[in-house]
Amino acid sequence: EVQFVESGGGLVQAGGSLRLSCEASGFTGGDYAIGWFRQAPGKEREGVSCLSSYDGTTYYLDSVKGRFTISRDNAKNTVYLQMNSLKTEDTAVYYCAAKSGWCASVIGSGPRYDDWGQGTQVTVSS
């Protein structure tokens with residue numbers, strides 16, 4: 001079982017930046033996809049970004065393209081989500097999650113992701 005510890009959430013004004021971290025443990029090898037998801041109150045969970053371990057390919061939700069960047073530090077077993085030019089509509093609880101295999105080009109809500117972090121709150125004020 002893969003376990004995650006997320007951090008980096010907080011309160012920021014619109015236009016500001018945050019960097020979320022997802023430290024992972026328990027990987028046993030093989031290819032996997034690490035995804036960042038978010039869920040706002042009253043809304044369905046949505047996939048924000050995904051990174052495939054096999055070749056580093058990344059995918060993004062259209063609404064965050066050009067503003068968010070997913071990256072990894074293998075030495076630290078950590079995946080990051082750098083979020084710039086934040087908007088009030090980015091307010092949500094953000095989760096990282098993993099599944100075997102590769103990212104899908106459309107990340108979706110993540111029903112095939114097996115392991116999830118506890119989430120970190122991101123609040124963007126106007």
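Looking at Glu89 and Thr91, their side chains never come closer than 4.5 Å, going by heavy atoms from C-beta outward. Counting heavy atoms from C-beta outward, Val124 and Lys87 have side chains that stay 4.5 Å or more apart. The side-chain heavy atoms of Cys22 and Trp36, taken from C-beta on, include a pair separated by under 4.5 Å. The side-chain heavy atoms of Leu81 and Ser49, taken from C-beta on, include a pair separated by under 4.5 Å.
Hydrophobic clustering of Ile, Leu, Val, Met, Phe, Trp and Tyr side chains at less than 4.5 Å, counting indirect connections, keeps Ile107 apart from Val79. A continuous path of Ile, Leu, Val, Met, Phe, Trp and Tyr side chains, each step under 4.5 Å between heavy atoms, connects Leu51 with Tyr32, placing both in one hydrophobic cluster. With hydrophobic clusters built from ILVMFWY side chains whose heavy atoms lie under 4.5 angstrom apart, Tyr59 does not share a cluster with Tyr80. Under the 4.5 Å side-chain heavy-atom criterion for ILVMFWY residues, a single connected hydrophobic cluster contains both Leu20 and Val2. Hydrophobic clustering (side-chain heavy atoms under 4.5 Å, transitive across Ile, Leu, Val, Met, Phe, Trp, Tyr) keeps Tyr95 apart from Leu86.
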Under 3.5 Å, which donor-acceptor pairs do the side chains of residues 60-76 form with other protein atoms, sequence neighbours left out?
| residue | atom | partner | partner atom | Å |
| --- | --- | --- | --- | --- |
| Tyr60 | OH | Ile70 | N | 2.9 |
| Asp62 | OD1 | Lys65 | NZ | 3.0 |
| Arg67 | NE | Ser63 | O | 3.4 |
| Arg67 | NH1 | Ser85 | O | 2.9 |
| Arg67 | NH1 | Asp90 | OD2 | 2.8 |
| Arg67 | NH2 | Ser63 | O | 2.9 |
| Arg67 | NH2 | Asp90 | OD1 | 3.1 |
| Arg67 | NH2 | Asp90 | OD2 | 3.4 |
| Arg72 | NH1 | Ser53 | O | 3.2 |
| Asp73 | OD1 | Ala75 | N | 3.1 |
| Asp73 | OD1 | Lys76 | N | 3.3 |

Taking only distance into account, with no hydrogens and no angle test, what donor-acceptor pairs under 3.5 Å do side-chain atoms of residues 4-14 form with protein atoms, sequence neighbours excluded?
| residue | atom | partner | partner atom | Å |
| --- | --- | --- | --- | --- |
| Glu6 | OE1 | Gln118 | N | 3.1 |
| Glu6 | OE1 | Gly119 | N | 2.3 |
| Glu6 | OE2 | Cys96 | N | 2.5 |

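Atoms NZ and OG, on Lys99 and Ser52 in that order, are 7.5 Å from each other to the nearest 0.5 Å.
For Phe37, the ring pair (Phe, Tyr, Trp, His ring centres under 6.0 Å) partners two or more places apart in sequence, or in a different chain, are Tyr113, Trp116.
With no hydrogens or angles considered, a side-chain donor-acceptor pair links Tyr94 and Arg38 at under 3.5 Å.
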Practice prompt. Decide side chain to side chain contact (heavy atoms under 4.5 Å, CB included) for Asp115 and Glu1; before the verdict, give the C-alpha distance in whole Å, the side-chain angles of both, and the deciding distance to 0.1 Å.
Written response: CA-CA 7 Å; Asp115 302 295; Glu1 180 183 358; 3.5 Å; yes
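Ser17 and Asn84 make their closest contact through OG-OD1, 2.9 Å (heavy atoms, listed as atom of the first residue, atom of the second, distance).
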